[in-house]
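Single-structure report; data block below.
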2 protein chains.
Amino acid sequence: MPGPIQSLSRAAAIMRLLAGGERRLGLSEVATALDLAKGTAHGILRTLQQEGFVEQDPESGKYQLGAELLRLGQSYLDVHELRARALVWADDLARASGETVYLGVLHQRGVLIVHHVFRPDDTRQVLEVGSMQPLHSTALGKVLLAYDPVARGELGEGPFESYTPRTLTEAADVDAEAALTRERGWADAVEETWEGVASIGALIQDRRRNPVGAVCISGAVERVCEDGFVKPSLVASVRSAARAISRDLGAGRF
Amino acid sequence: MPGPIQSLSRAAAIMRLLAGGERRLGLSEVATALDLAKGTAHGILRTLQQEGFVEQDPESGKYQLGAELLRLGQSYLDVHELRARALVWADDLARASGETVYLGVLHQRGVLIVHHVFRPDDTRQVLEVGSMQPLHSTALGKVLLAYDPVARGELGEGPFESYTPRTLTEAADVDAEAALTRERGWADAVEETWEGVASIGALIQDRRRNPVGAVCISGAVERVCEDGFVKPSLVASVRSAARAISRDLGAGRF
DNA sequence: CACTGCGGTCGACATTGTCGACCGCCTGTC
DNA sequence: GACAGGCGGTCGACAATGTCGACCGCAGTG
């Protein structure tokens, strides 16, 4: 198997670097961070700029991600079959549960949100499509870990990052949680990534029964939980939506 | 000035091809469409796949855009200064006008929507962030054409595409409309791109008075227009929002 | 069974991408 | 004001790579 094309891999690394914390970087910073010669980094940045994937601030000379990524990202969503088939079911789930609904797929070492239905109320909400969630501490992530061996491989060994006092950080605990998820067919995450937030997620499969994603509801602990546990009626709603989406993707009757 | 890096330009062309009409293409289709050798196309696709920019359906062998584009597209939005500063003003404009609000920037030969506030009602709406609008027939596009010479250059010579009977298709008419926009400081588009839809847009400038984008409201003709013209109160609201956003970007008092 | 076209691999080699050396400009320091 | 340092950027030699024609196995069709 031949290796990757070096300049493409380097370009991808530059774009990922620009997507990271600092977000605007100079030529020399990019070259140093990726251990490239300045002429090399410049050649790649110049071409990425010509193609719209990178922009350069004319005043500071700093580089940042470009608009073509947004456009192609939207095109990715347009053609995403799972998302297309889930749209209506996700709306229904938001209405039935009164909570925010997320649709996520495994991407690199986390869960990529590909669809987001706002909670049907008047509160201000921020669209999460395109953002990543951790695998070990979210309902979506736990579902993918339970059913997708690739996800488990991506997670690696612990200890994992602790976001709240309730986050599971040991691999053994995360694996036990995955076994529980498989046993009962759904996952929950109560204040494990964000304080005050609880979620319930379930698996989506394609017509070959391969895991292709997960759907979840997410909301305030006070609404999602009762007597210390997530509400069974919400669990039922999430699982029902997951089954409906799976059927639309061609998975047979369960 | 040296040319672009060939393999990067080719990779960009492949991704744009996959973003086009058909959206899922086989190796040979990609090679033929871009006049590349199959080995060349395969090498590029293999690397794009490894980096997450392209995915291959294991059953059909077809290639499509990958999830990393969505993630980087979202990162582009996160760092987009114009959008960050416009968020609150856009929300205010949606509330004040009762209509959908779009924020757009010039990108290649059109307007890229970088922010979208839903009309504050219960109707089902589709998020347009990441989509492109034409330059010659939308309020956002007309504003950019009026103030941004780069936009005018990207538009080229007519005749332009006619979307409705009211679309301006001759370059002279579009230029006259741009002059009118400069004269009165705002643009409108009444059923020029979509039947039954009217929009009002105004320019956003940065601290050096460079045009950096435009904001508009968009809604049903029956609500946006009165006696055959767009409502003056809505024009005032859009212009006010545009000035506020420009000030936040450092443009001085007008 | 033969044919066609698919995705994919391989290796020779021509072309390109790489990178060290150098440039002008800007900023900070003395 | 002079100087040093570091910036973005260019240039051209050349080593390394990306290109592509030839070929492969497989699946679908007649």
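Because only heavy atoms are used, hydrogens play no part in the values below, and waters and symmetry mates are left out as well, while side chains stay in. Chain A is the first sequence line, chain B the second, and so forth, proteins listed ahead of strands; every chain is numbered from 1.
The closest side-chain heavy-atom distance from Gln133(B) to Thr193(B) is not below 4.5 Å. Side chains of Ile204(A) and Leu103(A) form a contact here, defined as non-hydrogen atoms less than 4.5 Å apart.
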Q: Mark up nucleotides 21-30 of chain D, 5' to 3', with B wherever a protein heavy atom is under 4.0 angstrom from a base atom, S wherever such an atom reaches only the sugar-phosphate, and - elsewhere.
A: ----------

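The phosphate of dG8(C) (OP1 or OP2) has a side-chain N or O of Tyr63(B) nearer than 4.0 angstrom. Within the 4.0 Å cut-off from OP1 or OP2 of dG7(C), at least one side-chain nitrogen or oxygen of Ser28(B) is found.
Leu45(A) has its CG atom 14 Å from the C1' atom of dC7(D), to the nearest Å. As a whole-Å value, the separation of Leu25(B) CG from dC6(C) C1' is 14 Å. When rounded to the nearest whole Å, the span between CZ of Arg46(A) and P of dC19(C) equals 15 Å. Between the NZ atom of Lys62(B) and the C1' atom of dG8(C) there is a distance of 16 Å, given to the nearest Å. The CG-C1' distance, from Asp35(A) to dC19(C), rounds to 12 Å in whole Å. Taking atom CG of Leu34(A) as the reference point, atom P of dC19(C) lies 12 Å away to the nearest angstrom. Regarding His42(B), its NE2 atom lies at a distance of 14 Å from the P atom of dC6(C), rounded to whole Å.
With values rounded to the nearest 0.5 angstrom, Ile14(B) atom CD1 is found 11.5 Å from Arg16(B) atom CZ. Atom-to-atom distance recorded for Glu81(B):CD and Asp248(B):CG is 9.5 Å, nearest 0.5 angstrom. A distance of 12.0 Å separates NE2 in His116(B) from CZ in Arg83(B), rounded to the nearest 0.5 Å. Annotation: the span from Arg10(A) atom CZ to Ile5(A) atom CD1 amounts to 13.0 Å, rounded to 0.5 Å. Once rounded to the nearest 0.5 Å, the distance linking CZ of Arg46(B) with OH of Tyr63(B) reads 9.0 Å.
A heavy-atom distance below 4.0 Å to DNA chain D is reached by these residues of residues 6-16 of chain B, ordered by number: Gln6(B), Ser7(B), Arg10(B).
Panel note: side chain Gln64(B), backbone Glu55(B); no donor-acceptor pair is recorded below 3.5 Å.
Partners of Tyr163(A) under the ring-ring contact (aromatic ring centres under 6.0 Å, His included) rule, at least two apart in sequence or in another chain, are His136(A). Residues satisfying the ring-ring contact (aromatic ring centres under 6.0 Å, His included) test with Phe53(B), not counting sequence neighbours, are none. Take His80(B) and apply the ring-ring contact (aromatic ring centres under 6.0 Å, His included) test, not counting sequence neighbours, and it matches Tyr76(B).
Side-chain proximity of Ile5(A) to the nucleotides dT19(D), dG9(D), dG8(C) is greatest for dT19(D).
No more than 12 heavy atoms of other residues, nucleotides or ligands sit less than 6.0 Å from atom CD of Glu157(B).
Looking at which nucleotide of DNA chain D each of Leu36(B) and Leu27(A) is closest to, the 5′-most match is held by Leu27(A). Ranked by how close their nearest DNA chain D nucleotide is to the 5' end, Gln56(A) and Ile44(B) are led by Gln56(A).
When the C1' atoms of four end pairs are superposed on the next four at each end of the helix from dC1(C)-dG30(D) to dC30(C)-dG1(D), using five pairs per end, the two resulting axes differ in direction by 40°, to 10°.
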